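Report on the following structure.
What you are looking at is a predicted structure, and each value in this text was computed from that prediction instead of being measured.
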Amino acid sequence: LFRSKTLAASQGGEQAIATFNLVCPKGAPFFSSGPRCLLPDRPDIYLVAMRTPRRHFGCLQLVIDDEEQLAAYKPFLVNIGHRVATIMENRENTRLLAEAGARLNTMVEELEDRVRERTRELQESELHYRLLTENASDVVMLLTPDWRDEWVSDPAAEILGWQPRDLVGRAVDEFVHPGDQARCRQLAVKAQDEAASVDFRFRRPDDSYMWVACRTRTKVDPDGAPVGVVGAMVDITDRKAAEAKLAFAASHDPLTGLANRTMLVEEADRALAAGRRSGRTTALLMADLDHFKTINDSLGPLIGEELLCAVADRMTASVRSNDLVARHGGDEFVVLLPDLDDSAEAVLLAERIVAESRAPIRIGGTDLYATASVGIAVVTPGVDPVRGAVDLIREADTAMYAAKSTGRNCIAQFTDDLRRVVDDRLHLESDLRHALARDELAVWYQPEINMRDGSLRAAEALVRWHHPDGQLRGAAEVIE
């Protein structure tokens, strides 16, 4: 150590050290000096603040005026050097920590800015979707994996009649019509793999039911595990009513509200199939109103329509709950009787219909009489040949015309003899259509003789048909 040589600092120079940031590197030149700082109790030693050419560096210079005492101060100076080195090391660590803290503060500020921006975006997104759900025509729901309402959108109050708070925490099954719960359970299973939808009846607070269409999809976490269900319901009551109205119009008579021919054929085929499985008898009654045309022509079609509706109501009241009454067309009505013990039950019902038809029906202040002629066709599995609905209707119609031909206001049952008559008639009609072309018709003249003088008075022309089977058929067999 020499006089005027640069030392780091001394303990007594802490006051001066506090004004500098870093110690100057070893060997750095000095070009200026600052105020002196005397050391405590040592007036012969003082510190001078110095600056290096690099502006951010600084140091302290220790000056000893008495060179003879330099050796005696050596331990003191060495101790000062060690202490200064420790102080500078601590200051360097403090600087590094300060720089790291500044960078960390910058990172925290940037992170806070991003969090604020993301929070703002999420709030805007939440507001956007809340506006959508609150103003949509659908009821949006969040369900737990066991199908309990976790959150329900506000339109539930207007659409379903329930406040959202009344639905949260309750199982969906509580509000599903018992007849639709099986389909809803199938929906829950299907929604685990893909989007699914189902129509079902939803219970209102007054215990009435409305039709809703429900669409659902399972909500999963990042690992693919189900954590809930997202669903939406929309009111389709009006649509279902329109569909039911169209379906009713397609299968029912618009005047009387009875089943039409289409529905009759479907139900008859179903009843015949059930009868073949159970061995039970199926019967069909064909009822035609006697002299309805006279009433309709004389009193007008409006009175005729009122009469048909009254007959339909009376006939519906006469049958069992599982029987089907249909309007076959015009003034013809059909009653389908499934699940009978035997044909006697069909005969009893036909007789009751005929007996009730004799009672007058009062319309427009006038008592009208609309008696009925009823034909009966019966199918008993194992006894009668297998027939379809169309065959059964045709047989009942044939029996009904047989009842009319025997005096009206009575019943007739289709039998094998009547079947043969009908078959013969069909074949005869078919052959007759070709008789003229084949020159099979001949005119025979039957004379009228005057018994007094034996003279020919006149002649009656009679048609004879030389049938292909070789028989000569008279007009009475082919002309009604």
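A donor-acceptor contact shorter than 3.5 Å is absent between the side chain of Arg183 and the backbone of Phe200. Of the possible donor and acceptor atoms, none in the side chain of Gln413 sits under 3.5 Å from a partner among the backbone N and O of Ala399. When atom types are taken as modelled, the side chain of Ser430 and the backbone of His427 share no donor-acceptor pair closer than 3.5 angstrom. A donor-acceptor contact shorter than 3.5 Å is absent between the side chain of Asp253 and the backbone of Asn260. Side-chain atoms of Asp290 come within 3.5 Å of backbone N or O of Asn409 as a donor-acceptor pair. No donor-acceptor pair closer than 3.5 Å links the side chain of Glu174 to the backbone N or O of Arg170. Counting only distance, with no hydrogens or angles, the side chain of Arg394 and the backbone of Asp397 share no donor-acceptor pair below 3.5 Å. Arg320 places a side-chain N or O within 3.5 Å of a backbone atom of Pro338 that can act as its donor or acceptor partner. Not one N or O on the side chain of Asn450 forms a donor-acceptor pair closer than 3.5 Å with the backbone of Gly454. At distances below 3.5 Å, not a single donor-acceptor pair connects side-chain atoms of Thr380 with backbone N or O atoms of Val383.
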Verdict with reasoning, Ile361 to Leu307, per side-chain contact (heavy atoms from CB on, under 4.5 Å)
CA-CA 8 Å; Ile361 297 177; Leu307 178 60; 3.9 Å; yes
For Leu368 and Thr366, run side-chain contact (heavy atoms from CB on, under 4.5 Å): C-alpha distance rounded to whole Å, both residues' side-chain angles, the deciding distance at 0.1 Å, then the answer.
CA-CA 6 Å; Leu368 302 179; Thr366 303; 3.8 Å; yes
Test side-chain contact (heavy atoms from CB on, under 4.5 Å) applied to Ile353 and Met315, step by step:
CA-CA 7 Å; Ile353 291 175; Met315 196 171 295; 4.2 Å; yes
List the steps, then state whether salt bridge (Lys or Arg N to Asp or Glu O under 4.0 Å) holds for Lys293 with Asp331.
CA-CA 9 Å; Lys293 187 176 185 303; Asp331 60 344; over 6 Å; no
Using the rule given for side-chain contact (heavy atoms from CB on, under 4.5 Å), can you reason through Trp151 versus Val168, listing the C-alpha separation, both sets of side-chain angles and the distance that settles it, and then say yes or no?
CA-CA 6 Å; Trp151 176 85; Val168 173; 5.6 Å; no
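Legend: salt bridge (charged side-chain N to carboxylate O under 4.0 Å, His left out) pairs involving residues 365-390, not counting sequence neighbours, sorted by first then second residue: Arg362-Asp367, Arg387-Glu395. Applying the ring-ring contact (aromatic ring centres under 6.0 Å, His included) test to residues at least two apart or on different chains, none of the pairs has a partner in residues 284-306. A ring-ring contact (aromatic ring centres under 6.0 Å, His included) check over residues 205-248, counting only residues at least two apart or in different chains, returns the pairs His177-Tyr209, Phe248-His252. Sorted by first and then second residue, the side chain to side chain donor-acceptor pair (under 3.5 Å) pairs with a member in residues 457-471 read Asp431-His467, Glu440-Trp465, Glu448-Arg457, His467-Asp469, Asp469-Arg473; sequence neighbours excluded.
By the 6.0 Å contact criterion, CZ on Arg433 is open, its count of non-hydrogen atoms from other residues, nucleotides or ligands being 12 or less. Within 6.0 Å of CG in Leu436 there are 12 or fewer heavy atoms belonging to other residues, nucleotides or ligands. For Glu99, the CD atom counts as densely surrounded, since its 6.0 Å shell holds more than 12 non-hydrogen atoms of other residues, nucleotides or ligands.
Interatomic distance, OH of Tyr369 versus OG of Ser357, reported as 12.0 Å (0.5 Å rounding). The distance from atom CD of Glu332 to atom CG of Leu289, rounded to the nearest 0.5 Å, is 9.0 Å. Here the CG-CE distance, from Leu160 to Met233, works out to 4.5 Å after rounding to the nearest 0.5 Å. To the nearest 0.5 Å, the span separating CE on Met400 from CZ on Arg408 amounts to 10.0 Å. Taken to the nearest 0.5 Å, the OG1 atom of Thr94 stands 9.0 Å off from the CG atom of Leu96. A distance of 11.5 Å separates CZ in Arg204 from CD1 in Ile159, rounded to the nearest 0.5 Å.
Closest approach of Gly388 to Leu272, counting heavy atoms only: C-CD1, 3.5 Å. Contact between Ala312 and Thr256 at its shortest, heavy atoms only, is CB-CB, 4.0 Å. The nearest pair of heavy atoms linking Val378 to Leu392 is N-CD1, 4.3 Å.
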List, one per line, each side-chain donor-acceptor pair under 3.5 Å for residues 261-268, sequence neighbours excluded.
from, atom 1, to, atom 2, distance (Å)
Arg261, NH1, His328, NE2, 2.5
Glu267, OE1, Arg270, NH1, 3.1
Glu267, OE2, Arg270, NH1, 2.7

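When the ring-ring contact (aromatic ring centres under 6.0 Å, His included) test is applied to Phe175, the partners found at least two apart in sequence or on another chain are Trp162, Phe202.
Residues Arg239 and Asp199 are paired through a salt bridge, judged by an N-O separation under 4.0 Å between the basic side chain and the carboxylate.
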